[in-house]
Amino acid sequence: MRILIAGGDGFCGWPTALHLSKRGHEVAIVDSLIRRQWDEELGTQSLTPIASLEDRVALWRETSGKEVPIYIGDLQEYAFVERVFREFQPEAVVHFAEQRSAPYSMIDREHAVFTQVNNVVGNLNVLYAIKDITPDCHLIKLGTMGEYGTPNIDIEEGYIRIQHKGREDVLPYPKQPFSFYHLSKVHDSHNIMFACKSWGIRATDLNQGVVYGLWTDETRLSEGLYNRIDYDGVFGTALNRFCIQAATGHPLTVYGKGGQTRAFLDIRDTLQCIELAALQPAERGEFRVFNQFTEQFSIQELAERVQRVAAERFGIQAEIAHLNNPRVEKEEHYYHAVHTKLLDLGLQPHLLSDELIVELIDTAMRYRDRVNFDVIAPSANWR
Ligand code: NAD
Ligand code: USQ
């Protein structure tokens, strides 16, 4: 298939682009490279060294013999988006290209406004480009499990059957997002649902959990193909952060009680899910929603798991620190989210293993010198 990867320079997008290219799809990347600027703004960098996007695709060409054209530009600029769609004529667009950090969106008014404008406008432009240029193209949009929040009932996949005053309907599942970032994803979901209904386009909203891991078959081939991994208090996410903290002698930063439970998946399963969704597309006019994760864990449970593996395999005694929670969220709650639709399409999960934690700790030890300890503490406060 001809697949456009928007956000193909990022943590999920780069390994997805390589994986799909390796599997024989015709792949092109769109990215504004703004993620690299946010690193500079925050005084941080990926734990692993990452080559420029131009060098990455040049090395991939040498390594695999496959061409991955790149389009550098901002999805907020419609003239740019139009040009990409006219030239590449995608059959599927995988849309990763958004500001994805909840803490970044909560820094102040400017960051909240930027996040919502960037994400909502970019997504709307993609919807219009599909409608006007490639109406049969399947939009595979990265949403997030955090759109649902933590309700005291099971979380369904996108929709819930409700009985009310003797009548019944299947309606979008209620949303109680965690941040202005997570809210931007809710706004995107509503816009996509409306576009599917009004224009008959096909879309799959992948409500993805927190992604952990780093290495995929293609990105480990050589240093120039390495993926990024974040450890800072703004872009770093729970499990990856804990492994890097254990490796560098930093206490594991559990916020509050740590009873917050979230959905998680290995980055290799992100790649699998995207390809499964692409090969079995939504129907014209259909707005499909899949919950894209494989397991759920509490944050405390993950910290204890990393602590145990660090001790058993490296002799590291990692301390668990319970920091004042910078976020407004429940620290003890019911959590059970349904996730059968991707399994039905053929997903073979990589469940969390001690080996994966060992590999992350090992990677962090190798690149310890690149860590700026000043950016590990959480800096954005929800209140
Ligand atoms: P990332 O920040 O590493 O990558 C996003 C990429 O999009 C960056 O390279 C950035 O430069 C680009 N980008 C952002 N705005 C753009 C714009 N307006 N125009 C063009 N390019 C733009 O993020 P990631 O971790 O790879 O996440 C990818 C997607 O998956 C995001 O939409 C995110 O919300 C979603 N997601 C991520 C996780 C996770 O744990 N990383 C979990 C659930 C969902
Ligand atoms: N947390 C800690 N300590 C840390 C980091 C996080 O206790 O050092 C806690 C947070 O308070 C939160 C949970 O861990 O309760 C998850 O936080 P996170 O930073 O790992 O992930 P989150 O902010 O939810 O965002 C990440 C991605 C985002 C994606 C989301 C999926 O950055 O793009 O949408 O995971 S989900 O959580 O399902 O919404």
Side-chain angles (χ1 to χ4, degrees), residues 5-16 29-39 46 53 71-77 80-81 94-106 114-115 117-119 121-123 125-126 141-150 177-179 181-182 184-185 188 206-212 227-242 245 252-265 267 270 291-293 296-300 302-303 321-323 325-331 337 376-378 382:
I5 310 285
D9 190 44
F11 169 65
C12 297
W14 173 241
T16 301
I29 286 176
V30 172
D31 206 296
S32 62
L33 308 181
I34 193 166
R35 180 70 185 80
R36 293 172 186 250
Q37 290 172 32
W38 296 329
D39 278 348
S46 163
L53 182 57
Y71 296 92
I72 307 296
D74 189 334
L75 291 184
Q76 291 181 69
E77 304 298 330
F80 166 71
V81 178
V94 186
H95 180 12
F96 290 111
E98 297 203 332
Q99 191 301 97
R100 68 109 173 123
S101 158
Y104 190 87
S105 76
M106 300 301 292
F114 171 81
T115 299
V117 172
N118 183 63
N119 295 1
V121 172
N123 185 59
N125 283 342
V126 169
K141 169 67 171 49
L142 272 293
T144 175
M145 285 301 292
E147 291 186 35
Y148 301 116
T150 50
F178 297 125
S179 68
Y181 152 70
H182 289 97
S184 74
K185 295 288 191 182
D188 286 344
L206 296 173
N207 283 340
Q208 184 168 243
V210 186
V211 182
Y212 61 77
N227 195 9
R228 66 172 304 127
I229 181 167
D230 302 303
Y231 64 89
D232 61 287
V234 176
F235 276 91
T237 52
L239 179 58
N240 282 355
R241 244 160 91 74
F242 295 158
Q245 290 165 350
L252 312 191
T253 54
V254 171
Y255 300 161
K257 293 185 183 136
Q260 303 93 307
T261 300
R262 296 289 182 271
F264 286 82
L265 75 162
I267 191 156
T270 297
N291 291 345
Q292 180 166 312
F293 71 96
Q296 59 178 60
F297 300 103
S298 77
I299 298 302
Q300 178 68 19
L302 288 177
H322 285 266
L323 308 187
N325 196 337
R327 306 189 186 196
V328 175
E329 59 185 1
K330 290 183 197 149
E331 293 176 7
I376 293 183
W382 264 232

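Hydrogens, waters and symmetry mates are skipped; everything else that's a heavy atom, side chains included, is used. Whatever order the structure lists ligands and atoms in, that order sets their numbers, starting from 1. As the structure is a computational prediction, the values presented were derived from the model and not from experiment.
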What does the contact table look like for ligand 1 (nitrogen or oxygen on each side, cut-off under 3.5 Å)?
unit_1, atom_1, unit_2, atom_2, d
ligand 1, 2 (O), Arg35, NE, 3.2
ligand 1, 3 (O), Phe11, N, 2.9
ligand 1, 9 (O), Gly10, N, 3.4
ligand 1, 9 (O), Asp31, OD1, 3.2
ligand 1, 9 (O), Asp31, OD2, 2.7
ligand 1, 11 (O), Asp31, OD1, 2.6
ligand 1, 11 (O), Ile34, N, 3.2
ligand 1, 11 (O), Arg35, N, 3.1
ligand 1, 15 (N), Ala97, O, 3.4
ligand 1, 15 (N), Asn118, ND2, 3.2
ligand 1, 18 (N), Asp74, OD1, 2.9
ligand 1, 18 (N), Asn118, OD1, 2.7
ligand 1, 19 (N), Leu75, N, 3.0
ligand 1, 21 (N), Ser32, N, 3.2
ligand 1, 21 (N), Ser32, OG, 3.3
ligand 1, 25 (O), Arg100, NE, 2.8
ligand 1, 26 (O), Phe11, N, 3.3
ligand 1, 26 (O), Cys12, N, 2.7
ligand 1, 32 (O), Phe96, O, 3.2
ligand 1, 32 (O), Lys185, NZ, 2.7
ligand 1, 34 (O), Tyr181, OH, 2.6
ligand 1, 34 (O), Lys185, NZ, 2.9
ligand 1, 36 (N), Gln208, NE2, 3.4
ligand 1, 40 (O), Val211, N, 2.9

(request) Determine, using ring centers only, whether Tyr104 and Tyr181 are less than 6.0 Å apart. (result) no
(request) Would you indicate whether the side-chain heavy atoms of Asn118 and Asp74 approach each other to under 4.5 Å? (result) yes
(message) Any salt bridge linking Arg35 with Glu98? Criterion: basic side-chain nitrogen under 4.0 Å from a carboxylate oxygen.
(response) no
(message) Any carboxylate oxygen within less than 4.0 angstrom of a Lys/Arg side-chain nitrogen, looking at Arg36 and Asp9?
(response) yes
(message) I'd like to check Phe264 versus Val211 (side-chain heavy atoms, cut-off strictly below 4.5 Å). Are they in contact?
(response) no
(request) For the pair Trp14 (side chain) and Gly7 (backbone), establish whether a donor and an acceptor sit closer than 3.5 Å, ignoring hydrogens and angles. (result) no
(message) Has Arg241 got a side-chain atom pairing as donor or acceptor with Asp232's backbone, closer than 3.5 angstrom?
(response) yes
(message) If the test is side chain to side chain contact (heavy atoms under 4.5 Å, CB included), which one of Asn125, Ile72, Val30 qualifies with Phe80?
(response) Val30
(message) Is the positively charged end of Arg262 above the ring of Phe293, judged by distance under 6.0 angstrom from the centroid and angle within 45° of the axis?
(response) no
(message) At less than 4.0 angstrom from any atom of ligand 2, which residues have a non-hydrogen atom? List them by chain and residue number.
(response) Arg100, Ala102, Thr144, Met145, Gly146, Tyr181, His182, Gln208, Gly209, Val210, Gly236, Thr237, Ala238, Arg241, Phe242, Thr253, Val254, Tyr255, Gln260, Arg262, Ile299, Arg327, Glu329
